[in-house]
Amino acid sequence: MSQTKLPAIAQGTKRRSRIRRLGLRDLPLDAVDLAKYLIGKTLVHDLPKVRLSGRIVETEAYLEGDAAAHSFRGMTPRNRSLFLERGHAYVYFCYGAHYMLNVAAGAAGIGTGVLIRAVEPIEGIEQMKRWRHTDRLLDLARGPGRVAAAFKIGKPLDGENLCGDGNLWLGSAAKPAGPIGESVRIGITKDAHRVLRFYERENPFVSGPKRLNA
DNA sequence: AGTGCGATTGACT
DNA sequence: GTCAATCGCACTA
């Protein structure tokens, strides 16, 4: 009796169970804690024919009373998803060309969140290459606009609950996160001195200038 | 109704 | 390294 030949479906089940969906209770309440917590966790987008997934390797926190946060001047039609309970997606369109994915933080009514700035691709790499119009693995999801493009994230996913049973979700870490680095946030002009950017050190999929990634 | 600008990217000197 | 593209939205009037 051979044990080596498992049915394909059983192998698939076993492989998939390495990553479990994160629930609301898994997410720290505080935006800074959440930004650090998400490093190393998995971002998954299940499309009809393919699963896109990757390790989150760079994040930024946006807080209450933070002039750089979109919520600074209160709720508007654009930023309302940022005020949802933690774990919801806030997808924002910027520079006339790029979408960016945030994970809302805090309780409902609090406009804080975490920007996903870079992801190390794991599954669906061929599709990501096609959509991103590049074969360079390192460039697929290095930068917030690229993350959204590689993972096919656009306005329709704004407000999605990433801790529910939807197609876009957060998963546990496939591999534990390495040492976490900190720096100021990239590309902002207000409250620019605050150290609210977090990344996995020595990971080549992290964006940003070298001086910030020491 | 008009204006300014942004949590960026890709192309180019 | 520099720089233009591009457009939805918030703000002013």
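On a predicted model such as this, the values are computed, not experimentally measured, just so you know. Below, read A as the first sequence line, B as the second, and so on, with proteins coming before strands; counting in each chain starts at 1.
- Pairs engaging residues 32-42 of chain A under the salt bridge (charged side-chain N to carboxylate O under 4.0 Å, His left out) rule: none recorded [sequence neighbours left out].
- Atom CZ of Phe93(A) and atom C1' of dA5(C) are 12 Å apart (whole Å).
- A 4.5 Å side-chain heavy-atom check between Ser81(A) and His88(A) finds every atom pair outside the cut-off.
- With the 3.5 Å cutoff on both pairing distances, Watson-Crick and G-U pairs in DNA chain B assemble into runs of at least 3 at B:1-6 with C:7-12, B:8-12 with C:1-5.
- Counting to the nearest Å, the P atom of dC9(C) and the CG atom of Asn79(A) are 11 Å from each other.
- Within the structure, the ring-ring contact (aromatic ring centres under 6.0 Å, His included) test picks out no pair touching residues 132-160 of chain A (sequence neighbours left out).
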Check residues 168-189 of chain A and write down every donor-acceptor pair under 3.5 Å in which the side-chain atom is one partner and the other belongs to a residue at least two apart or another chain.
residue: Trp169(A); atom: NE1; partner: Asp46(A); partner atom: OD2; Å: 3.0
residue: Ser172(A); atom: OG; partner: Arg20(A); partner atom: N; Å: 3.0
residue: Ser183(A); atom: OG; partner: Arg197(A); partner atom: NH1; Å: 2.9
residue: Arg185(A); atom: NH1; partner: Ala61(A); partner atom: O; Å: 3.0
residue: Arg185(A); atom: NH1; partner: Asp66(A); partner atom: OD2; Å: 2.6
residue: Arg185(A); atom: NH2; partner: Asp66(A); partner atom: OD1; Å: 3.2
residue: Arg185(A); atom: NH2; partner: Asp66(A); partner atom: OD2; Å: 3.4
residue: Arg185(A); atom: NH2; partner: Asp191(A); partner atom: O; Å: 3.2

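- A donor-acceptor pair under 3.5 Å is absent between the side-chain atoms of Gln127(A) and the main chain of Leu52(A), judged by distance alone.
- Spacing between atom CE of Met75(A) and atom C1' of dC9(C) amounts to 16 Å, rounded to whole angstrom units.
- For the pair Lys155(A) NZ and dC7(C) C1', the interatomic distance rounds to 13 Å; values are reported in whole Å.
- For Lys190(A), the side-chain contact (heavy atoms from CB on, under 4.5 Å) test picks out Ala67(A), Arg73(A), with sequence neighbours left out.
- The two residues Asp139(A) and Arg146(A) have their closest heavy-atom pair at O-CD, 3.6 Å.
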Inset, instruction - Spell out protein contact along nucleotides 7-13 of chain B as letters: B when the base is contacted, S when just the sugar-phosphate is, - when no protein heavy atom is under 4.0 Å; keep the 5' to 3' order. - result: BBSS---

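- Contact check for Phe205(A) versus Leu137(A): side-chain heavy atoms found under the 4.5 Å cut-off.
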